[in-house]
Amino acid sequence: MNADILVASLHLSLPEVTLAIGALALLMIGVFTGERSSGLVTWLAIALLVVAGVLLANTGDGVAYNGAFVADPFARFMKMLTLFASIVALFLSAGQAKIFGLDRFEYPVLVVLATLGMLLMISANDMMSLYMALELQSLAAYVVAAMNRDDLRSTEAGLKYFVLGALSSGMLLYGMSLVYGFTGHTGFVEIAAALTADGRSLGLVFGLVFVLAGVAFKISAVPFHMWTPDVYEGAPTPVTAFFAGAPKIAAIAMLVRVVITAFEPIQLDWQQIIVFISIASMVLGSFAAIGQKNLKRLMAYSSIGHMGYALVGLSAGSMAGVRGVVLYMLIYMVMTLGTFACILAMRRKEGHHVEQVDDLAGLSQTNPFMAVVLTILMFSLAGIPPLAGFFAKYFVFMAAIEAKLYALAVIGVLASVVGAYYYLRVIKLMWFDEPAGEFARPSGSLKLVYGLSGLFIVGYVIVGGPIGAAAEAAARTFF
C-alpha cells in the first residue's frame, strides 16, 4: 500500500479514525483527572460521537485498505443509525450513572470503543476485518455488561455474555476458515467471484452455516439467543438500553453485507438458513415472552422476535427486502430506546428502581404522559396501524410475498398476533388496574427521549416518505 492509497483510505475511514483517537484521548482525561471526571468524559464522548456523525455525512464512497473496508450509501445510513443509538444510550446514562453504579470514566470510553467496532463491522468487506471489528465491539460489551461490580446480577450477566460470546466467535472463525479453504479468498467480492466461477461445494455450505451461526448470536436470533434474557435482566438498565439498540443495527447490517455481497451466488443456500432462523425467532419471541414478569426480560424476548421479523426482509434477497430491513431497524431502534427510557423512569420516591411488569399498574393515574407514550410504544411494537411499527412489519412482509415466501409471511403475521398479547397486557395494567405506587418525577433527559420517540412513532406517516427514499438509496447499493 503506497502513500496515496493510505491517505485515500484514511479519508474514507475518517469517522472511525476520529473515534479511535478520541477514545484514547478520553481515556487519558479520565486517568489523569480521576473518578470525578465521569460526567465530563460522558459528555465529551457524546460530543465525539456527534463529530463522527458529521464527518460521516461528508465522507464519500469507495474501497479502502486493499478492499478490507468499504464506504457506500448502505454503510453510511446504518452507521448513522448506530451512532444515533449510541448517543441516545449515553445521554440516557448521563443522569442515571450513579444510581446504577456506572459513574466511572471507563464506561463512556468503552461505549465509544464498542461503537467504533460497530462502524467497522458495517464497513467490513473482508472476513478478517469483519472478525477484528466484531471482537473490538464484543470485548468492550462484555466489560460494560459487568460494569457494576457490586451487583451480583451484573457480574453474572457479563460472565454469561463472555462465555457464550467466545463460543460464537469460535464458530464464526471455524466457518471463515472453511470458506477460505474452499474458495481461496477472504474478501467478499473475491468469494462471490470464486463461487460464480466454481460453484458451491458441501464444505463451503458448512462454512456458510458456521458463519451465519456466529453472526446470529450477535443479533440474538434463535437458536443462539440463550444469552439475551439473562444479560438484558442482569446488566444495568442504561447498558441494556445500549445493547438493545446499536449492536443489533450493526450486526444486522453486517449480516446483510455478508449474504448479499459474499454469498450472493448461492442465495438458495443461505436463504433457507435465514428463513429457519427467522421463523424460530418470531415464534419463540412471541410465545416465551407471555409468561415474563420482568420488563427487561420481556424486552429481551421482544427483541428476539423483532430480529426474526427483520430477517423476513433479508430472506427475500431483493432490493425491497433490504430496504425493509433498513427501515425495520430504524423504527425498532426508536421504539426500543423510547421503551427503555420509560423503564429507566420507573423509580420509586424512596429512590430504588423497579422493573417488574406489575409495577406499571395504574400508571395512567399517577403519570398520564408517560402512560400515553408507553401505550403508543407498546401498540407500535405490536404492529398496530397507523403507527410506525405497523409500517416496519408491512415492508418486510411485502418483500417476502414478492419473493413468493408466502408461508414465511403468514407465520410472521400469526406470530405478531400472539406477540400482541403481552404488549396489550402492559397497556391493560397501566389503564385499568389500581396504582401499585407512584414513581418519582422522571428526569428531563428521560422525558425528552421517550417523548420524542412517541412523537416519531405517531408522526411516521408524515415523515415516512423521505426516510423510505433514504432507505431505498441505501438498499440500492447492492443491486
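Computation of the quantities below employed the complete heavy-atom set of this structure, encompassing side-chain atoms and omitting hydrogens, waters and symmetry-equivalent molecules.
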Colleague: Assess whether atom CZ of F84 is packed by more than 12 heavy atoms of other residues, nucleotides or ligands within 6.0 Å.
Modeller: no

Colleague: Please say which of V326, V325, L81 ends up in a side-chain contact (heavy atoms from CB on, under 4.5 Å) with I252.
Modeller: V325

Colleague: Parallel, tilted or perpendicular, judged at 30° and 60°: which one describes the rings of F397 and Y309?
Modeller: perpendicular

Colleague: Is the closest side-chain donor-acceptor distance between T477 and D72 under 3.5 Å?
Modeller: no

Colleague: Just by distance, no angles: are the side chains of S13 and Y65 close enough, under 3.5 Å, to form a donor-acceptor pair?
Modeller: yes

Colleague: Identify the residue among H185, M132, M176 that makes a side-chain contact (heavy atoms from CB on, under 4.5 Å) with M127.
Modeller: M176

Colleague: Any side-chain heavy atom of P236 sitting closer than 4.5 Å to one from V239?
Modeller: yes

Colleague: Which distance, rounded to the nearest 0.5 Å, do you find between the CD1 of I457 and the CG of L387?
Modeller: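 Separation between the atoms: 7.5 Å.
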
Colleague: Before you tell me yes or no, could you show the steps for L90 and F242 under side-chain contact (heavy atoms from CB on, under 4.5 Å), namely the whole-Å CA-CA distance, both residues' side-chain angles and the distance that decides it to 0.1 Å?
Modeller: CA-CA 8 Å; L90 274 179; F242 174 61; over 6 Å; no

Colleague: Does the pair I279 and V222 meet the rule for a side-chain contact (heavy atoms from CB on, under 4.5 Å), with working shown?
Modeller: CA-CA 9 Å; I279 291 172; V222 177; over 6 Å; no

Colleague: Hey, are Y460 and S380 close enough side-chain-wise for a donor-acceptor pair under 3.5 Å?
Modeller: no

Colleague: Could you state the interatomic distance from CG (L337) to SG (C342), rounded to the nearest 0.5 Å?
Modeller: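 Result: 11.5 Å between the selected atoms.
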
Colleague: Return yes if a side-chain donor-acceptor contact under 3.5 Å exists between Y131 and S169, otherwise no.
Modeller: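 Judged by distance alone, the side chains do not pair up.
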
Colleague: Within the 4.5 Å heavy-atom criterion, are V259 and Q271 side-chain neighbours or not?
Modeller: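 Not touching, per the 4.5 Å side-chain cut-off.
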
Colleague: In terms of relative ring orientation, are F478 and F74 parallel, tilted or perpendicular, with 30° and 60° separating the classes?
Modeller: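 F478 and F74: perpendicular rings.
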
Colleague: After noting the C-alpha distance and the side-chain angles of L298 and N294, does the key distance pass the side-chain contact (heavy atoms from CB on, under 4.5 Å) rule?
Modeller: CA-CA 6 Å; L298 178 71; N294 183 289; over 6 Å; no

Colleague: Can you tell me how far OG of S453 sits from CG of L448, rounded to the nearest 0.5 angstrom?
Modeller: 9.5 Å

Colleague: side-chain contact (heavy atoms from CB on, under 4.5 Å), that's the test. Do F479 and V322 meet it? Break it down for me.
Modeller: CA-CA 10 Å; F479 299 95; V322 175; 3.8 Å; yes

Colleague: What distance separates L405 CG from I274 CD1, expressed to the nearest 0.5 Å?
Modeller: 12.0 Å

Colleague: State which residues pass side chain to side chain contact (heavy atoms under 4.5 Å, CB included) with E472; sequence neighbours excluded, sorted by chain then number.
Modeller: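 So E472 forms a side chain to side chain contact (heavy atoms under 4.5 Å, CB included) with M319, R323, R476.
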
Colleague: Parallel, tilted or perpendicular: which describes the rings of Y174 and F210, with under 30° parallel and over 60° perpendicular?
Modeller: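 It falls in the perpendicular class, over 60°.
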
Colleague: Write down the atom of L120, the atom of L136, and the distance for their closest heavy-atom approach.
Modeller: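 Here L120 and L136 meet closest at CD1-CD2, 4.3 Å.
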
Colleague: Return the minimal non-hydrogen interatomic distance between L56 and M80, and the atom names on each side.
Modeller: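 The pair with the smallest heavy-atom distance is CD2-N, 3.8 Å.
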
Colleague: Under a 3.5 Å cutoff, is there a donor and acceptor pairing between the side chains of K248 and T336?
Modeller: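 There is no such pair (donor and acceptor under 3.5 Å, judged by atom type) between the side chains of K248 and T336.
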
Colleague: If you round to the nearest 0.5 Å, how far is CZ of F91 from CG of L49?
Modeller: 13.5 Å

Colleague: Nearest 0.5 angstrom please: F77 CZ to I249 CD1, how far?
Modeller: 9.5 Å

Colleague: For the pair Y142 and Y161, name the ring-plane relationship: parallel under 30°, tilted 30 to 60°, perpendicular over 60°.
Modeller: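 If you compare the ring of Y142 with that of Y161, the planes turn out perpendicular.
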
Colleague: Can a donor-acceptor pair be found between the side chains of H225 and Y301 at a distance below 3.5 Å?
Modeller: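 Per modelled atom types, H225 and Y301 side chains form no pair under 3.5 Å.
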
Colleague: How close do T59 and L55 get, counting heavy atoms only, and between which atoms?
Modeller: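 The answer is OG1-O, 2.7 Å.
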
